[in-house]
Amino acid sequence: MREHDVAFLGIPYAQPPFGDLRFAAPAPVDKWKGVIPATKFAPTAPQPERRFTLIPEPIIEGGEAPPCLSLNVFTPADVAKKGGALPVFVWIHGGGFTAGTPSSPWYDGAAFTRDGIVVVSLGYRLGCEGFLKLDDAPANRAVLDCIAGLEWVHANIARFGGDPARVTIGGQSAGGGMVTILAAHERGAELCNGAIAMSGTAMRLGGSERAARTAAKIAEAAGLPLTVDAFASMAPSKLIEIQEAARLDRSTSLAPTVDGTVIAAYLPAAIDQGATASIPMLAGATTEEGVGPQRNAKATADELNALLDRLGLDEAGKRAFRSMYPKAKNGELRARALTDSEFRVGPVRLAERRAALPEAAPTFLYETAWQSPGLENIGAVHCIDIPFAFDCLADEWAQNVCGGRAPQAMADAMHGAFVRFITDGDPGWAPYDPSGSRTTMVFNADSRVFDDPHAPLRAIWP
């Protein structure tokens, strides 16, 4: 945190979701008695220990009933001089819906508060606590958590100098997917005035069958029926062990799924029906997302072919895909297929569907192409764009991940675009127009706009 910040940390927006509230919808906080110090981050939502993360994500222990439904507010120290009623940026962290924290030093909001924006970083339930389908519990509890957090923002952010009528929600990876889910919610236009989705769009959500498969694997690993009573007696730490033991795979995941109520429809259909139409959106991905760690991975031709089949490519599509990366071996091709089909083409399809609606709000696309030399040339990998967007390249871990040579000019360009979008709804380049040039900003050491840079992807991926 820098001198132009005032931080209020660990503010509860809902009661701890444990005890009698285990697996329930988020419950409002009772009226506070006295003063909350707001000087320490709240405990992290229960999650597995991870050996390494590209983002610095400290796990803050809080026992078996942590008050993890909390948020942090960063506001300019001179908010009164800035006139109050400032635009608000609500950040939703990533972590695959099973990990992550709102308390990363990369999310401290200092560069945004410097530029006259109030920042809120939001915690929500993860893994089984947030997504396990139980017979007598609401589905997608973590989505309900985020809605409750946004309700708190609307009710209280004016006290911190923010304008509840100018709230932009943003997130990366799982957080980006959550952003698009919230924007498409029936209350989306009420809860936000803009949306930024980084490396996640939720364009391919699972449905009730995936939720049921996942729940069955968890129930088998736990030896319990799928009821609140059965699972509520299990300590969160034990449930994490069960979650890990279940060995979930690509056909089973603890993540948002279409349930018909909290998430009423698949995102493409929801967009076609007008959901998100009034909300300007900024969306993009990195050029290599999951490629860096997998560049030298091993895979057989049969394994690659099976993956391309599952991803929907016919023989012509497979040939076209391979021709895009003629020097890549099977392991790298596998990573590039997942990157292109799940991350890079998602914003394009999102923008296309939104543009098809009459008088829809604009969608602005970007891609982060800068190749990091850090961590043995990890490249334009997943998460590499966050320290540029938050303009925190001086952070020690950011220097490690970025190799100590990250271009400040790119941070100026990307952070500046985010500030303009949050403030005015326009990042500084033309909206994506499928009937025109398909303008896309490519952030790099020399950031500039390109016309239809994703044409080869559009021709290959559904």
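Small disclaimer: the values here were computed from a predicted structure and weren't measured. The analysis underlying the following values was restricted to heavy atoms, covering all of them including side chains, and did not include hydrogens, waters or symmetry mates.
- Taking the side-chain contact (heavy atoms from CB on, under 4.5 Å) definition, one finds that E303 meets it with A299, T300, R334, sequence neighbours left out.
- When the shell of 6.0 Å around CZ of R204 is examined, it contains more than 12 heavy atoms from other residues, nucleotides or ligands.
- Listed here is the closest heavy atom pair of P462 and V345: O-CG1, 4.3 Å.
- By the 4.5 Å heavy-atom criterion applied to side chains, V153 and Y13 are not counted as neighbours.
- Across every non-hydrogen atom of P16 and L21, the tightest pair is O-CD1, 3.7 Å.
- For F8, the ring pair (Phe, Tyr, Trp, His ring centres under 6.0 Å) partners at least two apart in sequence or on another chain are F160.
- Side-chain atoms of Q15 never come within 3.5 Å of backbone atoms of D30 as a donor-acceptor pair (strictly under, hydrogens ignored).
- Without hydrogens or angle criteria, R166 side chain to V88 main chain gives no donor-acceptor distance under 3.5 Å.
- Of the inter-residue distances, the one linking W91 atom CH2 with Q172 atom CD reads 6.0 Å to the nearest 0.5 angstrom.
- The backbone N or O of I263 sits less than 3.5 Å from a side-chain atom of D259, completing a donor-acceptor pair.
- Formation of a donor-acceptor pair under 3.5 Å by the R344 side chain with backbone atoms of L457 is not found in this model.
- The shortest distance between side-chain heavy atoms of S208 and V258 does not fall below 4.5 Å.
- R353 pairs by the salt bridge (Lys or Arg N to Asp or Glu O under 4.0 Å) definition with D272, not counting sequence neighbours.
- Looking at residues two or more places apart in sequence or on another chain, you find a ring pair (Phe, Tyr, Trp, His ring centres under 6.0 Å) between F131 and F97.
- Counting only N and O atoms by type, the side chains of D5 and T113 include a donor and acceptor under 3.5 Å apart.
- With sequence neighbours left out, the side-chain hydrogen bond (donor to acceptor under 3.5 Å, both in side chains) criterion links E220 to no other residue.
- Applying the side-chain contact (heavy atoms from CB on, under 4.5 Å) test between I181 and each of L205, I147, N140 identifies L205 as the sole match.
- Considering only residues two or more places apart in sequence or on other chains, F343 meets the ring pair (Phe, Tyr, Trp, His ring centres under 6.0 Å) condition with H382.
- Looking at V381 and S372, their side chains never come closer than 4.5 Å, going by heavy atoms from C-beta outward.
- Legend: residues meeting side-chain contact (heavy atoms from CB on, under 4.5 Å) with D229, ordered by chain and number and at least two apart, are T227.
- Across all their heavy atoms, V118 and P76 have their closest contact at CG2-CD, 4.1 Å.
- Closest approach of I169 to V179, counting heavy atoms only: CD1-O, 3.7 Å.
- Every residue two or more places apart in sequence or in another chain that forms a salt bridge (Lys or Arg N to Asp or Glu O under 4.0 Å) with R50 is listed here: E57.
- The list of salt bridge (Lys or Arg N to Asp or Glu O under 4.0 Å) pairs with a residue in residues 122-138, not counting sequence neighbours, reads R22-E129, R125-D145.
- Looking at W106, F390, Y107 one by one, the single match for ring-ring contact (aromatic ring centres under 6.0 Å, His included) with F112 turns out to be F390.
- With sequence neighbours excluded, the residues that form a salt bridge (Lys or Arg N to Asp or Glu O under 4.0 Å) with E190 are R187.
- Using a distance-only test at 3.5 Å, with no hydrogens or angles considered, a donor-acceptor pair links the side chain of T214 to the main chain of S253.
- Counted by atom type alone, S199 and E289 present one or more donor-acceptor pairs between their side chains at under 3.5 Å.
- Between F231 and F23, the ring-plane angle classifies as perpendicular under the 30° and 60° cut-offs.
- Between the side chain of N72 and the backbone N or O of G10, at least one donor-acceptor pair lies under 3.5 Å.
- Considering only heavy atoms from C-beta on, P138 comes within 4.5 Å of L144 through its side chain.
- A salt bridge does not link D424 to R420: none of the charged side-chain nitrogens sits closer than 4.0 Å to a carboxylate oxygen.
- Side-chain contact of T339 with E288: a donor-acceptor pair under 3.5 Å is absent, judged by distance alone.
- Listed here is the closest heavy atom pair of A337 and L307: CB-CD2, 4.3 Å.
- No donor-acceptor pair under 3.5 Å is formed between the side chain of T44 and the backbone N or O of I59.
- Contact detail for V262 and H185: the closest heavy-atom pair is O-CD2, 3.3 Å.
- Rounded to the nearest 0.5 angstrom, S173 OG and I386 CD1 are separated by 8.0 Å.
- No donor-acceptor pair closer than 3.5 Å links the side chain of D163 to the backbone N or O of P87.
- A donor-acceptor pair shorter than 3.5 Å can be found between the side chains of R354 and T363.
- For H154, the ring pair (Phe, Tyr, Trp, His ring centres under 6.0 Å) test picks out no residue, with sequence neighbours left out.
- For E352, the salt bridge (Lys or Arg N to Asp or Glu O under 4.0 Å) test picks out R349, R438, with sequence neighbours left out.
- Proximity of M198 to F418: side-chain heavy atoms (C-beta onward) are separated by under 4.5 Å at one or more points.
- Within the 3.5 Å criterion, the main-chain N or O of T286 finds no donor-acceptor partner in the side chain of T368.
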